[in-house]
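Read through the structure below, which is laid out as structure tokens, and then see the notes.
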Amino acid sequence: MAEPFDRYDAVLTTPEMVVLELEATDKAAAATQLAERLHAAGRITDLPGFLSHVNAREHQLATGLPGGVGLPHARSEFVSQTSIAVGITKYGHALDFGAADGPATVILLIATPAGSFSEHLEVLATIARSLSKESFRESLRRAYDAEVIAELINSSLVFFDH
């Protein structure tokens, strides 16, 4: 059973769910590395099952956003709590998530419980709006600290100007 969602009290990510200097051969490998962090944190119960949902969603429509962002996401029965794993690629590395302006250096894997359609859209929309600001993207890229990155993500849900 998934925990109820409260955007003002949500801990979407923790430093343990942040990968600094992410190296992956493609977006599927990046999603796997990030999902492994969610699994280790107890946020997803079945790693292969969850990844099959992420990959199915990725095949429907590209999840690249302008400004070098990859935003793979999935609702899944294997998600116990709405969560975001964050990957900042190693300098000189970038991954193609299908954005028109090029590959991604900031990747956020969003996982929400299967029955949480409105919660999924709220988190996705709010994070996407935050990521549309160059200053927010640069803050993530330049932090070099998993704790700072986790705090930026968690606070973005509460403090973003709607």
Would you confirm whether T126, through its side chain, and V123, through its main-chain N or O, come within 3.5 Å as a donor-acceptor pair?
no
For S132, does its backbone N or O pair with a side-chain atom of R137 as donor and acceptor, under 3.5 Å?
yes
State, to 0.1 Å, how close [X] and [Y] come at their nearest heavy-atom pair, and which atoms those are.
X    : Y    : result
N154 : V11  : OD1-C, 3.6 Å
S130 : F136 : O-CB, 3.2 Å
E58  : K27  : OE2-NZ, 3.3 Å
L12  : R43  : O-NH1, 3.6 Å
L20  : A146 : CD1-N, 3.9 Å
S76  : F50  : CB-CD1, 3.8 Å

So, S83 and Q81: side-chain donor and acceptor under 3.5 Å apart, yes or no?
no
Does a side chain donor of either H73 or R57 reach within less than 3.5 Å of an acceptor in the other side chain?
yes
Ring pair (Phe, Tyr, Trp, His ring centres under 6.0 Å) involving H39 - partner list, sequence neighbours excluded
none
Stepwise side-chain contact (heavy atoms from CB on, under 4.5 Å) check, I127 with S156
CA-CA 7 Å; I127 290 295; S156 72; 3.2 Å; yes
Could you tell me whether the side chain of H93 reaches within less than 4.5 Å of the side chain of E21, counting heavy atoms only?
no
So L140 and L152, do their side chains get closer than 4.5 Å, heavy atoms only?
yes
Find the distance between [atom1] ([X]) and [atom2] ([Y]) and round it off to the nearest 0.5 Å.
X   : Y   : atom1 : atom2 : value
H53 : N55 : NE2   : CG    : 10.5 Å
D46 : I44 : CG    : CD1   : 8.0 Å
L47 : E36 : CG    : CD    : 6.0 Å

Residues E23, T89; criterion side-chain hydrogen bond (donor to acceptor under 3.5 Å, both in side chains); working and verdict
CA-CA 6 Å; E23 287 187 76; T89 61; over 6 Å; no
Flag if over 12 foreign heavy atoms under 6.0 Å of CD, E134
no
Heavy-atom neighbours of E147 CD exceed 12 at 6.0 Å
no
Pick out which of I149, L22, V19 makes a side chain to side chain contact (heavy atoms under 4.5 Å, CB included) with I88.
I149
Residue among V18, T14, T13 satisfying side chain to side chain contact (heavy atoms under 4.5 Å, CB included) with E16:
T14
Quiz: residues 99-118 side-chain donor-acceptor pairs under 3.5 angstrom, not counting sequence neighbours:
residue: D101; atom: OD2; partner: G67; partner atom: N; Å: 2.7
residue: T105; atom: OG1; partner: R141; partner atom: NE; Å: 2.7
residue: T105; atom: OG1; partner: R141; partner atom: NH2; Å: 3.3
residue: T112; atom: OG1; partner: H120; partner atom: ND1; Å: 2.6
residue: S116; atom: OG; partner: P113; partner atom: O; Å: 2.5

